[in-house]
Amino acid sequence: VQLQASGGGLVQTGGSLRLSCVTSGLILDYYAVAWFCQAPGKEREWVSCISSGDGSIYSADYVDSVKGRFTISRDNAKNTVSLQMNSLKPEDTANYYCAAGEAKEYSRTFRKGRDYDYWGQGTQVTVSS
């Protein structure tokens, strides 16, 4: 199983980025996928999660600090989960990781790292003031 995160970069305050997490070696329908971030000197934090499922309706959850600015989505046919990041702020600067966890109950979302089985490498997001 592999998760490949990409899309990070350097943007100015108020800018946008779109992160992608491409998975392989698993049936994405059965997995909830989350994004976590870690800034230098800080602990890893959960950012967002999208539930498992094979249809068009999913549950999404966000940490309060990104609600209204970030949107998580998935395309199982492309084995991809994306995180659209708008109105970026300097405090969003961090290394962002995607993670996948098997979830038999569709519509459930998970906020803890221990709920995830597989992790990708990080993609760096830097927001300048």
Side-chain angles (χ1 to χ4, degrees):
V1 175
Q2 288 189 329
L3 281 67
Q4 182 74 36
S6 63
L10 172 64
V11 295
Q12 293 184 334
T13 297
S16 298
L17 286 172
R18 186 176 181 86
L19 305 185
S20 294
C21 177
V22 179
T23 68
S24 61
L26 54 78
I27 300 174
L28 191 58
D29 304 36
Y30 303 144
Y31 286 80
V33 178
W35 289 93
F36 291 78
C37 71
Q38 188 166 20
K42 295 186 177 181
E43 294 188 353
R44 184 180 64 194
E45 297 180 344
W46 170 80
V47 176
S48 179
C49 173
I50 189 164
S51 62
S52 60
D54 58 0
S56 60
I57 299 176
Y58 301 97
S59 294
D61 196 10
Y62 303 91
V63 67
D64 285 348
S65 60
V66 308
K67 285 181 179 177
R69 300 190 297 122
F70 291 10
T71 303
I72 192 170
S73 61
R74 64 189 295 153
D75 185 338
N76 289 352
K78 295 182 179 180
N79 296 314
T80 300
V81 172
S82 299
L83 185 68
Q84 179 66 41
M85 311 167 74
N86 297 330
S87 302
L88 282 161
K89 304 175 180 180
E91 50 264 44
D92 296 321
T93 294
N95 208 4
Y96 285 72
Y97 301 85
C98 58
E102 190 171 10
K104 297 180 180 179
E105 296 182 51
Y106 292 174
S107 82
R108 278 197 66 188
T109 56
F110 306 89
R111 297 188 172 196
K112 302 294 185 183
R114 62 173 180 264
D115 292 318
Y116 294 89
D117 306 304
Y118 305 105
W119 294 78
Q121 89 298 345
T123 185
Q124 178 68 34
V125 171
T126 303
V127 185
S128 62
S129 57

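Predicted model, so just to flag it, every value in this text is computed and none were measured. Here, residue 1 is the first one in the sequence, and each next residue gets the next number.
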Could you give the distance from SG (Cys49) to OH (Tyr58), rounded to the nearest 0.5 Å? 12.5 Å
Flag, side chain of Arg69 to backbone of Ser65, donor-acceptor distance under 3.5 Å: yes
For the side chain of Arg74 and the backbone of Ser51, is there at least one donor-acceptor N/O pair under 3.5 Å apart? yes
Do side-chain atoms of Ser59 reach the backbone of Thr109 as a donor and acceptor pair under 3.5 angstrom? no
With sequence neighbours left out, which residue pairs that include part of residues 34-61 fulfil the salt bridge (charged side-chain N to carboxylate O under 4.0 Å, His left out) condition? Asp61-Arg111
How about Ile27: does its CD1 atom have over 12 heavy atoms from other parts shown lying under 6.0 Å from it? no
Test side chain to side chain contact (heavy atoms under 4.5 Å, CB included) applied to Phe70 and Leu17, step by step: CA-CA 10 Å; Phe70 291 10; Leu17 286 172; over 6 Å; no
Straight-line distance of Thr80 OG1 to Leu28 CG, nearest 0.5 Å: 8.0 Å
Tell me, yes or no, whether the heavy-atom count around Gln2 atom CD, taken from other residues, nucleotides or ligands under 6.0 Å, exceeds 12. no
Take the angle between the ring planes of Phe110 and Tyr116 and call it parallel below 30°, perpendicular above 60°, tilted in between. perpendicular
Test log, rule side chain to side chain contact (heavy atoms under 4.5 Å, CB included), inputs Tyr106 and Ile57: CA-CA 9 Å; Tyr106 292 174; Ile57 299 176; over 6 Å; no
Any non-hydrogen side-chain atom of Val81 less than 4.5 Å from a side-chain atom of Cys98? no
Suppose the criterion is side chain to side chain donor-acceptor pair (under 3.5 Å): which pairs have a residue in residues 5-28, not counting sequence neighbours? Ser16-Asn86, Arg18-Gln84
Working to the nearest 0.5 angstrom, can you tell me the gap between Tyr31 OH and Ser52 OG? 10.5 Å
Least distance between heavy atoms, Gly8 atom then Thr123 atom: N-OG1, 3.0 Å
When rounded to the nearest 0.5 Å, the distance separating OH of Tyr62 from CH2 of Trp46 is 9.5 Å
CG on Leu19 to OH on Tyr97, rounded to 0.5 Å: 13.0 Å
Are Trp119 and Phe36 an aromatic pair, judged by ring center distance below 6.0 Å? yes
Which atoms form the tightest heavy-atom contact between Ile72 and Val33, and what is the distance? CD1-O, 3.9 Å
Pair Lys89 + Asp92, salt bridge at N-O below 4.0 Å: no
Under 4.5 Å between side-chain heavy atoms, counting indirect links through other Ile/Leu/Val/Met/Phe/Trp/Tyr residues: same cluster for Val1 and Trp35 or not? yes
Using modelled atom types only, decide if a donor and an acceptor are shared between the side chain of Gln38 and the backbone of Ala94 within a distance under 3.5 Å. no
Rounded to the nearest 0.5 angstrom, the OG1-CD distance for Thr93 and Gln124 is 7.0 Å
